[in-house]
Amino acid sequence: MTMASFNASEVNLYTASKEDVLCYYAISDNDYNGHLGARISSIFVILLVSMAFTFFPVIAKGIPKWKIPHNVYIFARYFGTGVILATAFVHLLDPAYKRIGPRTCVGVSGYWGKYSWCAAIVLASVTGIFLLDLAAEVYVERKYGIERDETVTDAFITQGPNQQAVPSADCNLNEKEPFQQGKVSPSPSPSHEPTPSSRSFDQQIAAFLVLEFGIIFHSVIIGLNLGVTGSEFATLYPVLVLHQSFEGLGIGARLSAIPFGNHTILPYVLCLAYCLTTPISIAIGVGLRTVYNPQSKESLIVQGVFNAVSAGVLIYSALVELLARDFLFDPDRTRKRARLVYMVFCVLLGAGIMALIGEWA
């Protein structure tokens, strides 16, 4: 039975397939319903709002005269962490399963129905980002001559976790340097050895670029859909303004914490890259409003794959690069219980609000 001959009012359970039924409800024609002026306005509104929230932490850090309270930075940074965490699961992983999951039109069609491809894509994305992160870490160690104390690992394997290895004679640890976590000792270095801040910059910028990559992937999809969506446009428009604002705040706060040093232009370039992605995607969607159909089978596959890839990237970034490194493995993490509780509250608040927004977008 083909889709052309499928009649939802007269379903023959002996001949109708699961693919016929699911695709009948999932696939539809282009439902663009006008409101061209409002769609064009969304390009500029989202651009301006995104720029305001994304650039604010970066600019405020560069202008000490503003005297922004430290708690404001703490709020922006950890609220943004919660936003990114919720984006990974609610705004990316769930939509990916709704488009190419095992109970969807795509998920029961052809080769897509023979394996759980959505989960596999997320797994591949997480694994790929882990390998990139590991390669970047090894590169930084070799670039700056950092050597690992192998006696710690050997002692753990042979003696168990309750025994402590004796540090090597040339081990010179400084717990204030985050790149030396896990018993890392610097090897003899040349007289022109770079500063610790430059090593920290290399590590942090690599992690941030991975994070922004995942968010930009996601922004392309939502921008295209806003440009062509039908009756959902009135709800999606204001929700995406909030969505882009919160994500932008998280990106800006993370950028403001990276020691850019002489790279004074780079943070603004990275902010601008995020701010431009969604408006440009909306503009493309408006330009293709009568041609592009987000509910076609091909579009569902593209959206599902993009969402799954982005979900993997942000799941890894949120759990490993943000939560684990900030709360579990940071030797300089605050020991003040009140401040720690405030940081965790900001994470939960950001995740909660972003998860709530997922009801509409």
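The chain is numbered in sequence order, starting from 1.
Shown are Lys297, Glu298, Arg99; of these, the side-chain contact (heavy atoms from CB on, under 4.5 Å) with Val106 is made only by Lys297. Just one of Thr334, Thr81, Leu348, Asp326 meets the side-chain contact (heavy atoms from CB on, under 4.5 Å) condition when paired with Met343; it is Thr334.
Looking at heavy atoms from C-beta onward, Leu211 lies in side-chain contact with Ile84 at the 4.5 angstrom threshold. Inter-residue side-chain proximity for Phe217 and Val309 is flagged as met; some heavy-atom pair is nearer than 4.5 Å. Residues Val241 and Val45 meet the side-chain proximity criterion, which asks for heavy atoms closer than 4.5 Å. The shortest distance between side-chain heavy atoms of Val220 and Thr277 falls below 4.5 Å. A 4.5 Å side-chain heavy-atom check between Ile258 and Leu255 finds at least one atom pair inside the cut-off. Between Lys98 and Asp94 there is a side-chain heavy-atom pair separated by less than 4.5 Å. Looking at Pro279 and Phe44, their side chains never come closer than 4.5 Å, going by heavy atoms from C-beta outward. Between Trp360 and Leu356, the closest side-chain pair of non-hydrogen atoms falls below 4.5 Å.
Distance alone, capped at 3.5 Å, is enough to place a donor-acceptor pair between the Arg333 side chain and the Phe327 backbone. Not one N or O on the side chain of His243 forms a donor-acceptor pair closer than 3.5 Å with the backbone of Met354. Although no hydrogens or angles enter the test, the distance criterion places no donor-acceptor pair under 3.5 Å between the side chain of Trp112 and the main chain of Pro102. A donor-acceptor pair under 3.5 Å is formed between the side chain of Ser125 and the backbone N or O of Val313. Looking only at distances, no side-chain donor or acceptor of Asp133 sits under 3.5 Å from a matching main-chain atom of Ile129. Side-chain N or O atoms of Tyr342 include one that pairs as donor or acceptor with a backbone N or O of Asn71 at under 3.5 Å. Here the side chain of Thr104 pairs a donor or acceptor atom with the backbone of Gly101 at under 3.5 angstrom. The closest donor-acceptor contact from the side chain of Ser109 to the backbone of Cys105 lies under 3.5 Å. The backbone N or O of Leu123 lies less than 3.5 Å from a partner atom in the side chain of Thr127, making a donor-acceptor pair. Using a distance-only test at 3.5 Å, with no hydrogens or angles considered, a donor-acceptor pair links the side chain of Ser296 to the main chain of Asn293.
The shortest heavy-atom contact between Gln303 and Pro294 is NE2-O, 3.0 Å. Shown here for Val58 and Cys271, the closest heavy-atom pair between the two residues is CG2-SG, 3.8 Å. Residues Phe53 and Ser245 share a closest heavy-atom pair of CB-O, 3.5 Å. Between Ala119 and Tyr97, the closest heavy-atom pair is CB-OH, 3.4 Å. Contact record, Leu319 with Leu323: O-CB, 3.8 Å, taken as the closest heavy-atom pair. Considering every non-hydrogen atom in both Ala311 and Ala88, the closest pair reads CB-O, 3.8 Å.
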Next item on the list: Decide yes or no on side-chain contact (heavy atoms from CB on, under 4.5 Å) for Asp330 and Arg325, but give the supporting numbers first.
Entry: CA-CA 6 Å; Asp330 183 5; Arg325 290 198 179 183; over 6 Å; no
Next item on the list: Step by step, work out the side-chain contact (heavy atoms from CB on, under 4.5 Å) result for Leu226 and Ile46.
Entry: CA-CA 11 Å; Leu226 184 63; Ile46 290 180; 3.9 Å; yes
Check: Passes side-chain contact (heavy atoms from CB on, under 4.5 Å), Ile357 versus Leu242? Steps please.
Finding: CA-CA 8 Å; Ile357 291 177; Leu242 294 175; 4.1 Å; yes
Checklist line | Steps toward side-chain contact (heavy atoms from CB on, under 4.5 Å) verdict (Asn307, Leu93) | finding: CA-CA 7 Å; Asn307 283 333; Leu93 186 60; over 6 Å; no
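If you chain together hydrophobic residues whose side chains sit under 4.5 Å apart, Ile121 and Ile301 fall into the same group. Ile353 is connected to Leu236 through a chain of hydrophobic side-chain contacts under 4.5 Å among Ile, Leu, Val, Met, Phe, Trp and Tyr, so both are in one cluster. Linking ILVMFWY residues whenever their side-chain heavy atoms come closer than 4.5 Å, directly or via other members, leaves Tyr115 and Val108 in distinct clusters. Met51 and Ile215 fall within the same hydrophobic cluster, where Ile, Leu, Val, Met, Phe, Trp and Tyr residues are linked whenever their side-chain heavy atoms come under 4.5 Å apart, directly or through other members. Hydrophobic clustering of Ile, Leu, Val, Met, Phe, Trp and Tyr side chains at less than 4.5 Å, counting indirect connections, unites Leu36 with Ile282.
Heavy atoms from other residues, nucleotides or ligands lying under 6.0 Å from NZ of Lys61 number more than 12. Within 6.0 Å of CD in Gln295 there are more than 12 heavy atoms belonging to other residues, nucleotides or ligands.
Between the CD atom of Glu212 and the CD1 atom of Ile205 there is a distance of 8.5 Å, given to the nearest 0.5 Å. Here CD1 of Ile43 is found 12.0 Å from CG of Leu48. Values are rounded to the nearest 0.5 Å.
Side-chain atoms of Ser50 and Gln244 form no donor-acceptor pair, as typed in the model, at a separation below 3.5 Å.
Every residue was checked against the ring pair (Phe, Tyr, Trp, His ring centres under 6.0 Å) condition with Tyr292, not counting sequence neighbours, and none meets it.
Between Phe79 and Phe246, the gap from one ring centroid to the other is short of 6.0 Å.
Under the 6.0 Å distance and 45° angle rule, Arg39 counts as a cation-pi partner of Phe233.
Classification of the Tyr268-Phe55 ring pair by plane angle, with boundaries at 30° and 60°, yields parallel.
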